[in-house]
Amino acid sequence: MPHSSRRAVITVATAVVALVTVSACDDGSDKSAPAAAVKVAGVTVNNDQALHDTLPSAIKKSGTVRVATDVPYAPFEMFVSEGGKEITGLDYDLGQAIGAKLGVNFDFTPQKFDGIVPALQAGKFDAAMSAITDNKDRQKVVDFVDYSQSGSGILVAKGNPKKITTLTDLCGSPVGVQAATNQLKLLTATQTDCTAAGKPKIAISTFPKDSDAQLALRSGKVVADVLTKPAAGWTAKTADDGKAFELVEDSKAPGGYNASPNGIAVSKKLPELTEAVQKALQALIDDGTAAKIFDKYGVASIAVKEATRNAAVD
């Protein structure tokens with residue numbers, strides 16, 4: 001994700017997600033019979049026997065794909081309630097849908113972000129879903145099935161009173177951004193475009209946290225807040241029940257500015273799982289289920305139309 005530390009710090013509301021889970025008993029017995037259907041984002045996802053049959057034998061036997069995730073990072077992963085352990089979020093919902101399509105349970109377990117790839121290498125997990133940027137360095141040790149594009153987005157007041165549609169519309173206006181982020185670098189680089197267009201430069205105001213930039217936007221001290229697009233979309237959807245902010249959609253940058261692919265990381269020891277996940281995801285894209293999951297979290301525009309593999313842009 002195009003952010004100096006992969007994730008911005010924001011305060012968000014969480015929502016309880018109704019879901020159906022299937023427990024897998026660890027008794028060594030064969031669990032080759034596919035798991036039950038799951039309802040996600042209002043859609044019932046049924047298993048595809050042909051895809052289930054292509055899974056690695058160990059996963060078919062256990063009936064479970066062990067998934068690592070770093071919680072919280074809204075809207076991708078969150079806890080249902082503060083202090084609780086139940087996980088929700090875009091990655092979780094998408095994982096449940098992929099698991100249902102494959103006829104197995106995607107079992108999410110919290111893991112610190114910098115320990116996710118080493119844990120995959122060590123065999124502690126089969127896969128990871130945690131808004132992980134697909135890059136060539138990580139591809140040396142894991143494979144990715146890409147499901148979204150995440151870049152920088154523009155958050156404005158509800159109704160978009162300044163009619164901002166793209167980055168250069170910010171020229172000459174006060175704009176908030178979290179310090180030491182790729183979003184700050186983006187705004188700084190945009191100053192050249194402002195000058196070339198004969199416009200005044202952006203009056204950039206930096207803040208220790210993005211929540212501070214949001215407060216400045218609420219009070220009218222800035223006309224926009226530039227942050228990661230997924231975070232901007234979720235904030236627009238949830239803050240004051242969607243009445244406080246609005247996400248700017250630039251048709252030339254649907255995934256956000258300087259977008260990079262996010263991927264489901266899979267152990268290189270499980271190539272059959274990588275292929276099965278890719279086919280299951282594509283099926284969910286084709287039937288519209290994936291779009292409904294992304295829309296539920298206010299970030300429909302970052303969804304990919306094709307489930308690519310190892311599509312890093314670096």
Inset, instruction - For Gln278 and Thr308, work out which heavy atoms get closest and say how close. - result: NE2-C, 3.9 Å

Legend entry - Nearest heavy atoms of Ile132 and Ala265, plus distance in Å: CD1-CB, 4.2 Å

Legend entry - same_hphob_cluster(Tyr297, Leu247) at 4.5 Å side-chain heavy-atom cutoff: no

Inset, instruction - Working to the nearest 0.5 Å, report the span between OG1 of Thr190 and NZ of Lys199. - result: 11.5 Å

Inset, instruction - Would you mind telling me which of Ile98, Leu273, Thr274, Asp134 makes a side chain to side chain contact (heavy atoms under 4.5 Å, CB included) with Val145? - result: Thr274

Legend entry - From Val175, Leu217, Val156, Asp212, residue fulfilling side chain to side chain contact (heavy atoms under 4.5 Å, CB included) relative to Asp225: Leu217

Legend entry - Lys201 side, atom NZ; Cys171 side, atom SG - distance, nearest 0.5 Å: 10.5 Å

Legend entry - N/O donor-acceptor pair under 3.5 Å between Lys136 side chain and Asp314 backbone: yes

Inset, instruction - State, without any angle test, whether Asn310 and Asp143 hold a side-chain donor-acceptor pair at a distance under 3.5 Å. - result: yes

Legend entry - Donor-acceptor contact present, side-chain Gln139 to main-chain Phe144, <3.5 Å: no

Inset, instruction - Mind checking the CD-CG spacing from Glu275 to Leu270? Nearest 0.5 Å is all I need. - result: 13.0 Å

Legend entry - Asn47 vs Leu102 side-chain heavy atoms within contact, under 4.5 Å: no

Legend entry - Close side-chain approach of Leu281 to Leu94, heavy-atom, < 4.5 Å: yes

Inset, instruction - Return yes if a side-chain donor-acceptor contact under 3.5 Å exists between Asp53 and Gln49, otherwise no. - result: yes

Legend entry - Joint cluster assignment, Ile285 & Val45, ILVMFWY side-chain distance < 4.5 Å: yes

Inset, instruction - Return the minimal non-hydrogen interatomic distance between Ala312 and Pro261, and the atom names on each side. - result: CA-CG, 4.0 Å

Inset, instruction - Start with the C-alpha gap between Gln214 and Leu155, add the side-chain angles, then the distance that decides, and say whether side chain to side chain contact (heavy atoms under 4.5 Å, CB included) holds. - result: CA-CA 9 Å; Gln214 291 176 32; Leu155 189 69; 4.3 Å; yes

Legend entry - Main-chain N/O of Lys243 paired to Asp240 side chain as donor or acceptor, under 3.5 Å: no

Inset, instruction - Keeping the roles fixed (side chain from Thr88, backbone from Met78), state whether a donor-acceptor pair exists under 3.5 Å. - result: no

Inset, instruction - Look at atom CG of Asp241 and say whether more than 12 heavy atoms of other residues, nucleotides or ligands are closer to it than 6.0 Å. - result: no

Legend entry - From Val71, Thr109, Val67, residue fulfilling side chain to side chain contact (heavy atoms under 4.5 Å, CB included) relative to Ile87: Val71

Legend entry - Worked verdict on Phe125 versus Ile116 for side chain to side chain contact (heavy atoms under 4.5 Å, CB included): CA-CA 9 Å; Phe125 296 98; Ile116 286 178; over 6 Å; no

Inset, instruction - Test Thr54 against Glu272 for side-chain hydrogen bond (donor to acceptor under 3.5 Å, both in side chains), laying out the working first. - result: CA-CA 7 Å; Thr54 67; Glu272 300 98 333; over 6 Å; no

Legend entry - Short side-chain to backbone donor-acceptor contact, Asn105 and Thr64, under 3.5 Å: no

Legend entry - Plane angle bin for Phe294 and Tyr147 - parallel if under 30°, tilted between 30 and 60°, otherwise perpendicular: tilted

Legend entry - Audit row: Val142, Val117, side chain to side chain contact (heavy atoms under 4.5 Å, CB included) steps and yes/no: CA-CA 7 Å; Val142 297; Val117 171; 4.3 Å; yes

Inset, instruction - Report whether Ile204 and Phe207 are members of the same hydrophobic cluster (ILVMFWY, side-chain heavy atoms less than 4.5 Å apart, transitive linking). - result: no

Inset, instruction - Check for a donor-acceptor pair, side chain of Thr181 on one end and backbone N or O of Leu184 on the other, with a separation under 3.5 Å. - result: yes

Legend entry - Closest non-hydrogen atom pair, Leu284 against Asp287: O-OD1, 2.9 Å

Inset, instruction - Taking Gln282 for its side chain and Glu306 for its backbone only, find out whether a donor-acceptor pair lies under 3.5 Å. - result: no

Legend entry - Modelled atom types, side-chain donor and acceptor of Asp250 and Thr166, under 3.5 Å: yes

Legend entry - Interatomic spacing from NZ in Lys60 to NE2 in His52 - rounded to 0.5 Å: 6.0 Å

Inset, instruction - Check the pair Phe245 / Arg218 against side chain to side chain contact (heavy atoms under 4.5 Å, CB included), numbers first and verdict last. - result: CA-CA 8 Å; Phe245 304 117; Arg218 282 179 181 271; 3.6 Å; yes

Legend entry - Considering all heavy atoms, the nearest Asp146-Gly263 contact: OD1-CA, 3.7 Å

Legend entry - Salt bridge present between Glu249 and Lys229 (N-O < 4.0 angstrom): yes

Inset, instruction - Report yes if the side chains of Val38 and Thr44 come closer than 4.5 Å at any heavy-atom pair, otherwise no. - result: no

Inset, instruction - State, with a plain yes or no, whether a side-chain heavy atom of Asp70 is found less than 4.5 Å away from one of Pro110. - result: no

Legend entry - Under-4.0 Å salt bridge between Asp93 and Lys296: yes

Inset, instruction - Say whether, by atom type as modelled, one donor and one acceptor occur between the side chain of Thr228 and the main chain of Ser152 under 3.5 angstrom. - result: no

Inset, instruction - Would you mind reporting whether Met129 and Phe108 have side-chain heavy atoms less than 4.5 Å apart? - result: yes

Legend entry - Side chains of Val226 and Leu170 in contact at under 4.5 Å (non-hydrogen atoms): yes

Inset, instruction - Establish, from distance only, whether the side-chain atoms of Ser150 and Asn262 form a donor-acceptor pair under 3.5 Å. - result: yes

Inset, instruction - Inspect the surroundings of NZ in Lys158 and state if more than 12 heavy atoms from other residues, nucleotides or ligands are less than 6.0 Å away. - result: yes

Inset, instruction - Please say whether more than 12 non-hydrogen atoms of neighbouring residues, nucleotides or ligands are located less than 6.0 Å from NZ in Lys221. - result: no

Legend entry - From Gln121 atom CD to Ser267 atom OG, the distance as rounded to the nearest 0.5 Å: 8.5 Å

Legend entry - Donor-acceptor contact present, side-chain Asn135 to main-chain Arg138, <3.5 Å: yes

Inset, instruction - Inspect the contact between Asp286 and Lys305 and indicate whether a charged nitrogen and a carboxylate oxygen are less than 4.0 angstrom apart. - result: no

Inset, instruction - Using a strict 4.0 Å threshold on nitrogen-to-oxygen distance, state whether Arg66 and Asp107 make a salt bridge. - result: no

Inset, instruction - Treat each ILVMFWY residue as a node, draw an edge where side-chain heavy atoms are under 4.5 Å apart, and state whether Leu120 and Phe113 are in one component. - result: yes

Inset, instruction - Give a yes or no on whether Ile202 and Ile164 share a hydrophobic cluster (residues Ile, Leu, Val, Met, Phe, Trp, Tyr; joining criterion: side-chain heavy atoms under 4.5 Å apart). - result: yes

Legend entry - pair Asn182-Asn258: side-chain heavy atoms closer than 4.5 Å: no

Legend entry - Smallest separation among heavy atoms of Gly298 and Lys237, with atom names: N-CD, 3.5 Å

Inset, instruction - Please work out which of the three classes, parallel, tilted or perpendicular, describes the rings of Phe76 and Tyr73, given edges at 30° and 60°. - result: parallel

Legend entry - Side chain Thr195, main chain Gln191, donor-acceptor under 3.5 Å: yes

